[in-house]
Each structure stands twice: as structure tokens, then as C-alpha cells.
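Naming: A, B, ... by sequence-line order, numbering from 1 per chain.
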Number of protein chains: 2
Amino acid sequence: MPSERVEQRREGVREEIKQAARRLMAEHGTAGLSLRAIAREINMLPSGLYHYYGSLDDLITALIVDAFNALADALEAARETAAGPGSAAQLTAVLEAYRRWAMTHPTDFQLIYGNPIPGYAAPREITVPPVIRGFSVIVGLIENLLQSGVLEAAPPYDVIPPEVEARLQTLIERDGYPVSARALFLGVVGWTQLHGIIMLEMFNHIQPVIGDVETFYRAQVINLLKTLGLKTAI
Amino acid sequence: MPSERVEQRREGVREEIKQAARRLMAEHGTAGLSLRAIAREINMLPSGLYHYYGSLDDLITALIVDAFNALADALEAARETAAGPGSAAQLTAVLEAYRRWAMTHPTDFQLIYGNPIPGYAAPREITVPPVIRGFSVIVGLIENLLQSGVLEAAPPYDVIPPEVEARLQTLIERDGYPVSARALFLGVVGWTQLHGIIMLEMFNHIQPVIGDVETFYRAQVINLLKTLGLKTAI
DNA sequence: TCTATAATTTGAACACTGTTCACAGTATAG
DNA sequence: CTATACTGTGAACAGTGTTCAAATTATAGA
């Protein structure tokens, strides 16, 4: 029977552990994520950490959940500060925030969208919800644009492969998402396209070819919205 | 002064080491890449391996170069076996081979396009050439389609950001690539778009949403070529 | 306030990891 | 046949995640 007070302190130490972990990751990359190094950082013995996290994997999972939520926060913030609610500018702001967050938090991004720790596989039932949170920001804006008519799915993105549409429909009904299959589809299309650029930039595969990745990315965001069927200019 | 005969045997052992490494990776993921495990596998002491590879990183680099070349082989093979040289079907075949190779060689793919080993960073001067080899297959086909008029860059992909075009032009001249900046640009656009899908599929981020990733990917390949400005139907 | 109980920290141990180095054995070349 | 270069050995070092009993500390109830 853990009392209120005890539980609060436990949570405090857990936070301290995570902060030390993030500090080490920022310095030495995802390679710096060592249980013993964390213990050293906060003046504890390695074994002591096991009272707060069952294993290093559990700690990583906690960091991943935090990272997904931080990304979602960044996307939501971009949506709020962007000019004109319901405008396409809001969507471009969010899509650009996606890359900006990735580039300013490379280790966190690798943690969630790469496979940075050998032997570790994230438990989906824990990590999926915060993923949805971030993705919902994009899909929500697309849904708005579709409903206001600013966006009208244009060929070839106006047709959804039947197998895919069925799955999306199931997902929407099962989890009660307030969006259309169309918005979800366009969201996935956009997400995958831009994610590829970020992933290649992150590991330095595209910069040597394209040079200025930022301009390329911005251009691709606009090209994406145009091909998806945006009616207004950006 | 290493003689012919000696060098040949060295190369044989090096191959044996790499094969053991690939076997372990296939079984235990990139996590299985342990110098000591490899040594065990081929009945050697860990220290013995240092006569063939200066360090684990050197071995990883060798595996990466092999993987990039294997990927390039797969793309070239897809190009050769596809019906109708110079046709768009050839390009779709190659683009689909890209994903197929990734999915049938997940550890190799993670090795080259992720950052699977903590603390390891690939030396670009060694890894870039085989990257170019694979990429050239795609860009070469695009160049063909552009010249034969089957592909005519359509809005919005008919304009190249000036900063990007300048860089591409420099690259073409410096390395003597027999392609246009336009082909290179469209190649990068397509590459990044599809790479995003593969990357998200690899780490199981997209399958839960979209269900049948294969159909989604095939649809996106076709959508890509259409938006890039393909004149003929697929 | 004192005590019984729960929470926390300790320290040692185990089985791993990559890497270095002097040494012994083996094959090669002159 | 011998001197030399090559190859593998074995021990050691510093690091890793993890487990467990013991010791310490803090909490809660009387």
C-alpha cells in the first residue's frame, strides 16, 4: 500500500532519472543511454535504479512516451501560433514544425522513429496512444480543410485503395476518431512523404545531394498540399 | 609485403567473418552484432578477429558497403527483368524492388538507413559511392523517361528551388553524372517519399494505421509517377 | 515517542561486451 | 633449411545490464 507521499517522491526520482538520461543522450547520442552512467550522474548505484524502473527497457519506454508527447506538444503549439485558424497556413506550420522538432531533438526523434537501442522493441500498447496524439494534429487540420472546401482531394489522391479504406474506416469506428477516412488517408500520405525526408536528413543521406534541406523540405510541404488538392495559394 | 596467396586467404576469412555476422544479425537483429559472438561462431578468440578488421566499426562499415551494393544489385536486377526497356513499368518495378529488398533484408536495411549501432557513425567517403550506385538506377530511368517524353515534369514538380538546382548542377558537373538536374530532382523527390513509407513500415508505425502496407506502397508508387508528370498509364 | 513495517540504498557477484598486448605456433619465402 | 612474416592464443582491462541478500533509512500506527 504505497502512500500518497511516498508515491510522489518516487515520481520525483523517476523524473530525475529521466532528466539525467536525456542529458546523457543529448551529449553522447543514443549511445550514451547507459544505466550505469545514469546512476553515476545522480550519485546512485546501478542497482538502485531498479526500484524506479524495472529495467533499462522500461526507462527507454518512458523516454519514448515523453518524446512522443513532446512532439505532439510542438505540433499543437505550431497549430495554435499559426495565423488564421482553419487556414492552410496552419497545416504548413504544423508540417514544418514536425521537421524542426526532429532536427532540434535528434536523439529523441531517433528514439521514437528509429531503432536506436539494440535489442529493444517498444511495447506498442504503451507507445501507440501518444503517436496518435501527434498524428491527430495533422489529420485534424486536414479534416477541417476538407470540410471548409479549401482542400478538395484531387487526382490521383482522390481515390483510396479499397483495402486501405476499409481498414481506415474500421479504425475510425473502433476508436471513435472524429475524422473521415479521406482525411486519414491524406494524412498518412503526407506524413510518409515528409517523414522520408527527415529520416534521410537525420542520418545525413540527403544533405550531400540536395544541399539546403530546409528549402527542399519547405518546397515539398507546399508541393504536397498542392498535389493533394489545395484550392488556395500558400 | 603481403603476397598474393596470403591476401587471398585473408579475404576468405574476412568473408567468413562477414557471413557469420550476417547470420547473427538475421537471427538476433542488429543487436546480435557482437564481436565475441562472431568469434564464437567461427571458433576463434575475439582477439583473433583484429587481424582481419581493425575494430567492430570497421566490420560494420564493410557490412554496410556490402548491403548498399546488394541493394543496388536488387534494383538493377528489377530494371533488367522488367518488361519494356525505357518504359515506366521498369521504373515502377525498380521502386517496388526498393521496398521488397528492405522488407526481405530488414537488418541490412536498418544497418544502412538507420543508426542501429550505438556509437557508430559510418565514414561517408567509404559508404557514399555504393549509395550513389543504387540511386543512379532510379535517376537513370527517370532521365530516360524524360528524354523519351514519356515523363514531362508537371506542376508543382516542374520547378526546382534555385538553391537546390544550383547544388544539383554542381554535383552533376563535379562527379560527371550523365543525368539532368531535373532527373536528379525528381529522383530525390520520389526517393524521399517512398523511403518514408518503408521507414515507418520497418518499425511498425504505419501498419497499424493503414493495414495492407504493400497495396498502399504500390498505390503510392503510381501516384508518385502521375504527380511527377507521367504521360502514359501504368 | 517508541516500535514494527515498509521503502530505499548498498555492495558484491554474474555474465556479458570491445579492445589491447605479449606470446606461442604456423606457414611462407628466400 | 632457416629467417621472417603471418596467424591465433590467453590473459587482462574497463565497460555494460541485471540479480539478490543485507543494511540502512523513512514511514505509519499505537
>> I'd like to know whether the aromatic ring centres of A:Tyr113 and A:Phe68 sit less than 6.0 Å apart in this structure.
In response: yes

> Expressed in angstrom and rounded to an integer, what is the separation of B:Ile38 atom CD1 from C:dC16 atom P?
Replying inline: 17 Å

> Taking the side chain of A:Arg36 as heavy atoms from C-beta outward, which of C:dA27, C:dT17, D:dG17 is closest to it?
Replying inline: D:dG17

> Can you check the B:Arg40 CZ to D:dG8 C1' distance for me, whole Å?
Replying inline: 17 Å

>> Of the listed nucleotides (C:dT28, C:dT10, C:dT19), which one gets closest to any side-chain atom of A:Met44?
In response: C:dT10

>> Measure CG/A:Asp57 against P/D:dT16 and give the value in whole Å, please.
In response: 16 Å

> In whole angstrom, what separates B:Glu11's CD from D:dC6's P?
Replying inline: 16 Å

>> Can you tell me how the ring of A:Phe185 sits relative to the ring of B:Phe216, calling it parallel under 30°, perpendicular over 60° and tilted otherwise?
In response: perpendicular

>> I need the B:Gln19 CD to B:Ile38 CD1 distance, nearest 0.5 Å.
In response: 12.0 Å

> In whole Å, what is the span from the CZ atom of B:Arg5 to the C1' atom of D:dA5?
Replying inline: 14 Å

>> So, OP1 or OP2 of D:dG8: does either fall under 4.0 Å of a side-chain N or O from B:Tyr52?
In response: yes

>> Tell me whether A:Glu163 is salt-bridged to A:Arg167, with the criterion being a basic N under 4.0 Å from an acidic carboxylate O.
In response: no

>> From CG of B:Asn43 over to C1' of D:dG8, roughly how many Å is that when rounded to an integer?
In response: 13 Å

> What nucleotide among D:dG17, D:dG8, C:dT17 has an atom nearest to a side-chain atom of A:Leu56?
Replying inline: D:dG17

> Using 30° and 60° as the class limits, which term best fits the ring planes of B:Phe109 and B:Tyr98: parallel, tilted or perpendicular?
Replying inline: perpendicular

>> As a test of reading the structure: which of D:dT18, D:dT16, C:dT17 is closest to the side chain of A:Tyr50, going by heavy atoms?
In response: D:dT18

> Which nucleotide sits closest to the side chain of B:Arg9: C:dT8, C:dG18, C:dA27?
Replying inline: C:dA27

> Closest to the B:Ser47 side chain: D:dA11, C:dT17, D:dG15?
Replying inline: D:dA11

>> Side chain of B:Leu35 only, heavy atoms from C-beta on: which candidate in D:dG8, C:dG18, D:dA26 is closest?
In response: C:dG18

> To the nearest angstrom, how far is B:His28 atom NE2 from C:dT17 atom P?
Replying inline: 11 Å

>> Between B:Ser55 and C:dG18, is there a contact of a side-chain N or O with OP1 or OP2 at under 4.0 Å?
In response: no

> Which nucleotide in the list C:dC16, D:dT7, C:dA7 gets nearest to the side chain of B:Arg10?
Replying inline: D:dT7

>> Of the options D:dG8, C:dT10, C:dG18, whose atoms approach the side-chain atoms of A:Leu45 most closely?
In response: C:dT10

>> In this structure, how many angstroms lie between the C1' atom of D:dT18 and the CG atom of A:Asp58, rounded?
In response: 13 Å

